[in-house]
There are 2 protein chains.
Amino acid sequence: MPKVGQSYLDARRKQIVDAAHTRFTSHGFARTSMADIVTESGLSTGSIYRYFTSKDEIVIAVCEQGTEAFPTALTVEAVNDFLEHVRALARDKGHARLVAQIYAEAALSPTLAAIVAQQLAAMRAAVAELIPDRSPNDVEQITEAFVTICSGYSQQLAVRGDLDPAPFTRALMAILQG
Amino acid sequence: MPKVGQSYLDARRKQIVDAAHTRFTSHGFARTSMADIVTESGLSTGSIYRYFTSKDEIVIAVCEQGTEAFPTALTVEAVNDFLEHVRALARDKGHARLVAQIYAEAALSPTLAAIVAQQLAAMRAAVAELIPDRSPNDVEQITEAFVTICSGYSQQLAVRGDLDPAPFTRALMAILQG
DNA sequence: CCAACAAAAGTGAAGGGTCATTCATGTTAT
DNA sequence: ATAACATGAATGACCCTTCACTTTTGTTGG
């Protein structure tokens, strides 16, 4: 017989993932210890292992919830707004740092690679929906480049700090018209 | 009085950096132990610490020598050749994996960030040299997007495996004409 | 030219820490 | 009362770094 409801369990799980998310963002996966997650979450060591069987599982959980927003239209304004959103996330929450950690880990772990690849595919599909009047091959090539520039922008933000999105907006528009 | 020549010392140092490069590429920074570098290099633990004072210093040395080639011209053929070069390096040597590690670490370490930022600036400068008849502002925006697509392509290769460079070549050409 | 010596280079076992994970015990809700 | 849930000290493995010791090389005095 369960002692608490599912919503309680979900809240606890989220508490752990949020704490891990915070520490992973500021210190990276390798430099974040279980003790760090314990401290940040306010739970106990043993309690965390009731919800996750290993640190790796927590890493996966954090990567899975990493859904950024998508652009809503392919006008200059909408695209620029989207990049400004990415920029703000990087500035205010260090999100680009976390993304860089995720890509590095995904490059080593097939499990994570599959998760990230699926998220990238979802974003490409979302962008494809917004492209009018093109051959399937064109759409595929355009979305591929589009998403690469967006994640590339995030990568640059992670390493070089705040950057004006203007060159990237311009590049994205050029690709759409090419 | 030195017991061996400078060329000997240089060779030893290279031996260490090469060993570290190999292991860092296949297992990442965090999952590569000093013992791994010892094994891979064929030297002893103590010997390595004669050439580097810490593991972090070896990481820096590996990052510093990470100079990819630059594109030599901005024709479709030259640009495509360049991307094929990046692709081959990723396929044959797992180079994209190492680059992903470097970006992740640079996102956390100001020292590494400075090194990577300088390498990116060098590549932007090299590309800028190839752009004819544009305003300085245009050149800056174009090179920014150009380099981001190239490193973004590497990032995608790291996570998703081998990818045809065609969409990226096309995007790069579109940017140059935008 | 050779033998002793000194300094450079190399070695690897051990120190000192950190860290992920477990488990015996305590607490709470039904 | 009992089973779910929580706790955190203990465990055992791993890992970076050091250092006392050995080997090698260049030098020097006879």
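Quick note on labels: first sequence line is chain A, next is B, and so on, each numbered from 1. All values derive from a computational prediction rather than experimental measurement.
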Once you round to the nearest 0.5 Å, how far does [atom1] of [X] lie from [atom2] of [Y]?
{"X": "A:Glu140", "Y": "A:Arg124", "atom1": "CD", "atom2": "CZ", "answer": "8.0 Å"}
{"X": "A:Ser151", "Y": "A:Tyr103", "atom1": "OG", "atom2": "OH", "answer": "4.0 Å"}
{"X": "A:Met123", "Y": "A:Gln118", "atom1": "CE", "atom2": "CD", "answer": "14.0 Å"}

In this structure, how many angstroms lie between the [atom2] atom of [N] and the [atom1] atom of [X], rounded?
{"X": "B:Leu9", "N": "D:dG26", "atom1": "CG", "atom2": "C1'", "answer": "14 Å"}
{"X": "A:Arg12", "N": "D:dT7", "atom1": "CZ", "atom2": "C1'", "answer": "12 Å"}
{"X": "B:Gln6", "N": "D:dG26", "atom1": "CD", "atom2": "P", "answer": "14 Å"}

Is there side-chain contact between A:His95 and A:Ser154, with at least one heavy-atom pair below 4.5 Å?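 Result no, sub-4.5 Å side-chain heavy-atom pair not found.
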Does any part of the side chain of A:Leu9, heavy atoms only, come nearer than 4.5 Å to the side chain of A:Val4, both counted from C-beta?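 A:Val4 vs A:Leu9: side chains touch.
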Presence of B:Tyr49 side-chain N/O under 4.0 Å of C:dA9 phosphate oxygens OP1/OP2: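 Indeed not, no polar side-chain atom of B:Tyr49 lies that close.
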Respond yes when some side-chain nitrogen or oxygen of A:Tyr8 is under 4.0 Å from OP1 or OP2 of C:dT28, and no when none is. no
Among residues 50-63 of chain B, which contact DNA chain D at a heavy-atom distance under 4.0 Å? B:Ser54, B:Lys55
In residues 25-39 of chain A, which ones come under 4.0 Å of DNA chain D, going by heavy atoms? none
Kindly say whether A:Ala20 contributes a backbone atom to a donor-acceptor pair with the side chain of A:Glu40 at under 3.5 angstrom?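 No.
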Symbol by symbol from the 5' end, with Watson-Crick or G-U pairs under 3.5 Å, [ ] crossing and | another strand, DNA chain C is ||||||||||||||||||||||||||||||
Let's go through A:Ile60 and A:Ile115 carefully: what are the C-alpha distance in whole Å and the side-chain angles of both, what is the deciding distance for side chain to side chain contact (heavy atoms under 4.5 Å, CB included) to 0.1 Å, and is it a yes or a no? CA-CA 8 Å; A:Ile60 290 173; A:Ile115 291 168; 3.7 Å; yes
Name each donor-acceptor pair under 3.5 Å that joins a side chain in residues 161-178 of chain B to protein atoms two or more places apart or in another chain, with its distance.
residue	atom	partner	partner atom	Å
B:Asp162	OD1	B:Arg87	NE	2.8
B:Asp162	OD2	B:Arg87	NE	3.4
B:Asp162	OD2	B:Arg87	NH2	3.0
B:Asp164	OD1	B:Ala166	N	2.6
B:Thr169	OG1	B:Asn80	OD1	2.7
B:Thr169	OG1	B:Pro165	O	3.3
B:Arg170	NH1	A:Asp138	OD1	3.1
B:Arg170	NH1	A:Gln141	OE1	3.0

Show me the donor-acceptor pairs within less than 3.5 Å that the side chains of residues 24-31 of chain B make with the rest of the protein, sequence neighbours left out.
residue	atom	partner	partner atom	Å
B:Thr25	OG1	B:His21	O	2.7
B:Ser26	OG	B:Thr22	O	3.3
B:Ser26	OG	B:Arg23	O	3.4
B:Arg31	NH2	A:Glu105	OE2	2.4

I want to verify a distance call: between C:dA9, C:dT22, C:dG10, whose nearest atom is closest to the B:Val4 side chain?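 It is C:dA9.
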Which nucleotide in the set D:dT7, D:dC5, C:dA13 lies at the smallest distance from any side-chain heavy atom of B:Thr45?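 Selected nucleotide: C:dA13.
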For B:Lys14, check salt bridge (charged side-chain N to carboxylate O under 4.0 Å, His left out) against everything at least two apart and list the hits.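 So B:Lys14 forms a salt bridge (charged side-chain N to carboxylate O under 4.0 Å, His left out) with B:Asp18.
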With no hydrogens and no angle check, do the side chains of A:Asp36 and A:Ser33 hold a donor and an acceptor under 3.5 Å apart?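 The criterion, which ignores hydrogens and geometry beyond distance, is satisfied for A:Ser33 and A:Asp36.
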